[in-house]
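Comments concern the structure below.
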Amino acid sequence: MVQTILRNRSQAPTQAGPSYSIQITNVHKTYTNGTTALSDVNLYVKPGDFLFVTGPSGSGKSTLLKLLYGAERPSSGEILVDSRPVHRLQGDRLALLRRRLGIIFQDYKLLPRRTVSENVGFVLQAQGYGRGEIERRLGPALKMVGLQGKADCFPDQLSGGEQQRVSIARAIVGTPPILLADEPTGNLDPDNSRQILGIFKKLNEAGITILITSH
Ligand code: ADP
């Protein structure tokens with residue numbers, strides 16, 4: 001059985017307590033091949049928290065994030081994100097919840113034949129935003145990650161750190177209240193890692209709830 005090391009002052013919500021950004025209660029996840037990735041996980045994250053979920057490779061960190069954005073479902077237990085039961089949502093309702101989340105991956109997941117602007121604007125376009133609004137949002141998002149000068153570059157013209165910054169801009173351009181990042185500095189050297197963590201710190205100071213996995 002795998003155990004996830006969760007470092008926060010996780011406290012079960014009281015009835016009259018504050019609302020939580022994330023509530024994970026008694027969650028188990030066993031994949032169809034019989035591998036148990038998570039066992040009895042409880043986690044309560046308040047709005048504005050900045051949380052690292054740490055554990056060795058294979059301890060269930062990615063699985064935890066996948067449950068939070070609804071790419072996997074728990075075998076049992078309950079997951080509320082922004083007070084919505086993500087483990088029961090499907091289709092449009094799941095898509096709507098995902099707009100409340102910015103998601104960042106270790107391998108950036110950028111579209112290689114699209115420029116920085118297009119990679120960042122694409123999400124908004126898919127959500128039906130008009131050109132004017134996309135233009136209005138692009139500048140501040142790129143500025144937040146220090147990439148104003150790289151708007152017309154393609155991913156292969158950027159360093160790893162810059163590519164990760166594009167993926168952060170893409171995650172925040174829709175102004176989600178919660179950011180989930182799966183080992184975001186896993187492919188980066190210490191300098192770039194520090195820079196990325198500095199950006200997360202700024203975003204958290206701006207009020208975004210942040211959950212980062214790290215080994
Ligand atoms: P981490 O992110 O901490 O490295 P993961 O959540 O990726 O851990 O994996 C936790 C465990 O679940 C591992 O034993 C892994 O092999 C297993 N696992 C992950 N995804 C699947 C899957 N789709 N099917 C079966 N087992 C999986």
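Both counts, for ligands and for their atoms, begin at 1 and track the order of listing.
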### Query
Could an N or O of ligand 1 be found under 3.5 Å from any N or O of K66, whether backbone or side chain?
no
### Query
Which of the numbered atoms in ligand 1 are below 4.0 angstrom from a heavy atom of A37?
10 (C), 11 (C), 12 (O)
### Query
Do the side-chain N and O atoms of D182 and T213 include a donor-acceptor pair separated by under 3.5 angstrom?
yes
### Message
Taking V41's backbone N and O only, do any of them form a donor-acceptor pair with N26's side chain (distance below 3.5 Å, no angle check)?
### Response
no
### Message
Go through it in stages, so that I can follow the logic: the residues are T54 and S214, the test is side chain to side chain donor-acceptor pair (under 3.5 Å), and I'd like the CA-CA distance, side-chain angles, deciding distance and then a yes or no.
### Response
CA-CA 5 Å; T54 61; S214 172; over 6 Å; no
### Set of ring-ring contact (aromatic ring centres under 6.0 Å, His included) partners for F50, sequence neighbours left out
F52
### Task
For P56, take its heavy atoms, then give the atoms of ligand 1 lying under 4.0 Å from any of them.
3 (O)
### Query
Which of the atoms in ligand 1, numbered in the order shown and given with their element, are less than 4.0 Å from a heavy-atom of S59?
1 (P), 3 (O), 8 (O)
### Where at least one partner belongs to residues 93-111, residue pairs that pass side chain to side chain donor-acceptor pair (under 3.5 Å), sequence neighbours excluded
D82-R100, Q106-N187, D107-K109
### Query
Against heavy atoms of S57, which atoms of ligand 1 measure under 4.0 Å?
4 (O)
### Query
If you count the atoms of ligand 1 from 1 in the order shown, which ones are under 4.0 Å from a heavy atom of K61?
1 (P), 2 (O), 3 (O), 4 (O), 6 (O), 8 (O)
### Task
Look at E133 together with R137 and state whether they make a salt bridge at an N to O cut-off of under 4.0 Å.
yes
### Selection from T63, T35, T32 by shortest heavy-atom distance to atom 14 (O) of ligand 1
T35
### Query
So, is E72 polar-close to ligand 1, with some N/O to N/O distance under 3.5 Å?
no
### Message
Going by the closest heavy atom to atom 1 (P) of ligand 1, which one wins out of G55, G58, S214?
### Response
G58
### Query
Counting only heavy atoms not in D92, do more than 12 fall under 6.0 Å of its CG?
no
